[in-house]
Number of protein chains: 2
Amino acid sequence: MSGPKGWQEVQDEVLARIRDRRWPPGSAIPNEADLARDFGVARATVNRALQALAEAGWLDRRRRAGTRVALHPVRRATLSIPIIRAEIEGAGHVPGYRLLRQEMAQPPAPVAAALGLTGPLLHLSAVHTADKRPFVIEDRWVNPAAAPGIREADFAAQSANEWLIVNAPFSHGDIALAAAPATVEEAALLACAPGAALFTVTRTTWAGAQPITWVRLAYGPGYAMKTAL
Amino acid sequence: MSGPKGWQEVQDEVLARIRDRRWPPGSAIPNEADLARDFGVARATVNRALQALAEAGWLDRRRRAGTRVALHPVRRATLSIPIIRAEIEGAGHVPGYRLLRQEMAQPPAPVAAALGLTGPLLHLSAVHTADKRPFVIEDRWVNPAAAPGIREADFAAQSANEWLIVNAPFSHGDIALAAAPATVEEAALLACAPGAALFTVTRTTWAGAQPITWVRLAYGPGYAMKTAL
DNA sequence: TAGTGGTCTAGACCACCAA
DNA sequence: TGGTGGTCTAGACCACTAC
């Protein structure tokens with residue numbers, strides 16, 4: 001009767017009991033002290049395992065109320081948000097980059113609203129290529145006040161994507177994934193038909209309370225963002 | 001000089017030092033024992049904080065080599081994969097559901113390949129509605145061997161989505177997010193124009209080595225999957 | 001081989017909150 | 001108010017790996 005030894009093994013054992021319904025959804029499981037005794041490990045080890053399972057959505061834990069198996073195991077998928085160049089290289093292609101626009105301009109209303117700013121912003125557009133073929137369009141508005149030195153930066157060589165990661169790290173942001181028809185301009189840049197279904201990623205990022213940038217990435221037809229569950 | 005007290009405070013302090021470049025990207029930070037002394041906490045507390053930061057992508061940790069600030073803070077976004085009905089309710093709408101198809105059939109080659117199965121599978125199609133308006137099309141193939149009882153299940157009332165969550169939990173899977181033009185059939189079901197850009201989610205799930213189901217969700221125009229960074 | 005992070009232990013105290 | 005999870009501590013041993 002050798003029980004689990006480390007917290008990973010405790011986690012595996014608990015997960016097994018959830019999966020095979022010995023601990024069905026909604027039921028309470030023994031408290032940490034009892035589990036520790038049953039498994040022959042310290043309570044801290046059980047705690048570590050159960051916290052990890054709670055973070056992964058398998059368990060609901062509340063002081064005094066105890067630990068219960070989650071009713072609807074809410075599965076989460078984690079998307080990594082890589083640098084575009086790294087994403088292209090990771091797929092085994094040769095990354096390229098072409099700057100289309102770099103100028104101060106008045107942002108359209110939705111962008112201004114998302115950032116909560118009214119004045120003119122730095123507008124950047126670029127196409128990233130994979131093996132010389134268009135891969136994704138980057139349309140970006142940057143708050144110059146949040147990115148000192150950006151007006152002197154040369155975006156013909158380095159993409160704004162990379163410049164900002166190094167020079168203006170963000171603390172938080174939001175992201176929206178959607179599908180949109182290609183505009184005439186986008187179709188020309190991506191070598192596809194106008195109206196073609198494009199996968200889009202729209203991000204807004206802040207450093208504390210200060211908005212940094214709004215960016216919309218429009219990927220060429222056939223692109224899919226993949227991850228594990 | 002009261003330093004951080006708990007592991008969350010230690011984490012905040014370390015994050016602050018990374019953000020303001022006292023510990024720039026790529027640099028090594030002091031080892032756990034030293035930090036514990038500086039902060040006036042136990043080494044386990046520092047360990048807890050640094051592990052959390054490493055999991056979030058801020059730090060790279062290796063035995064013997066020490067802890068370094070990540071060169072490119074790979075940001076991750078976690079998408080929750082809710083039950084469709086819960087997603088609609090969460091948005092403040094009244095969920096509805098209409099079954100279109102429920103029959104054994106031979107899956108198309110891509111589906112058979114994704115699941116690694118050759119025989120006939122249970123094919124289910126349905127439309128989920130929000131406030132009576134079409135919201136998403138669910139096109140699903142289920143391996144009956146992995147879902148005992150599914151042939152007797154009544155999917156006119158309960159969606160396959162929910163039946164499977166309760167009756168055939170999966171251990172792992174993969175997911176792909178993409179954009180696709182609406183087929184004529186999809187356009188009719190979603191009340192949009194053929195060729196309209198649809199946001200699609202394609203999932204394949206397994207229980208151990210046994211494939212359970214392949215499902216493709218095609219969301220109506222205007223849908224966006226949102227999350228925080 | 002020595003230094004680092006990874007983990008476990010036994011004990012303790014505290015915050016929370018259902019009963 | 002008592003039981004639960006959340007956390008901290010001091011110490012210890014181990015696994016890994018750069019040197």
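All values below were derived from every heavy atom in this structure, side-chain atoms included, with hydrogens, water molecules and symmetry-related copies excluded. Labels below follow one simple rule: chain letters A, B, ... track the order of the sequence lines, proteins then strands, and each chain is numbered from 1.
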### Message
Within the 3.5 Å criterion, strictly below it, is a donor on B:Thr67 or B:Arg61 matched to an acceptor on the partner's side chain?
### Response
yes
### Query
Taking the nucleotide of DNA chain C with the closest heavy atom to each, which residue, A:Ala44 or A:Arg62, is nearer the 5' end?
A:Ala44
### Query
If you walk 5' to 3' along DNA chain D, what is the first nucleotide with an atom under 4.0 Å of a heavy atom in chain B, and what is the last?
D:dT7 to D:dC19
### Message
With nearest nucleotide decided by heavy atoms, which residue, B:Thr67 or A:Ala42, maps closer to the 5′ end of DNA chain C?
### Response
B:Thr67
### Message
Please tell me whether A:Gln51 and A:Asn47 have a donor and an acceptor in their side chains that are separated by less than 3.5 angstrom.
### Response
yes
### Message
What is the distance, to the nearest angstrom, from the CD atom on B:Glu32 to the C1' atom on C:dG3?
### Response
12 Å
### Query
What pairs with B:Ala160 under side-chain contact (heavy atoms from CB on, under 4.5 Å), at least two apart in sequence or on another chain?
B:Leu124, B:Glu138, B:Arg140, B:Phe155
### Salt bridge present between A:Asp20 and A:Arg22 (N-O < 4.0 angstrom)
yes
### Pairs involving residues 152-169 of chain B, ordered by first then second residue, that meet side-chain hydrogen bond (donor to acceptor under 3.5 Å, both in side chains) (sequence neighbours left out)
B:Arg85-B:Glu162
### Task
Provide, to the nearest angstrom, the distance between the CZ atom belonging to B:Arg63 and the P atom belonging to C:dG5.
11 Å
### Task
Measure up the B:Phe135 and B:Tyr219 rings against each other and bin them: parallel (under 30°), tilted (30 to 60°), perpendicular (over 60°).
perpendicular
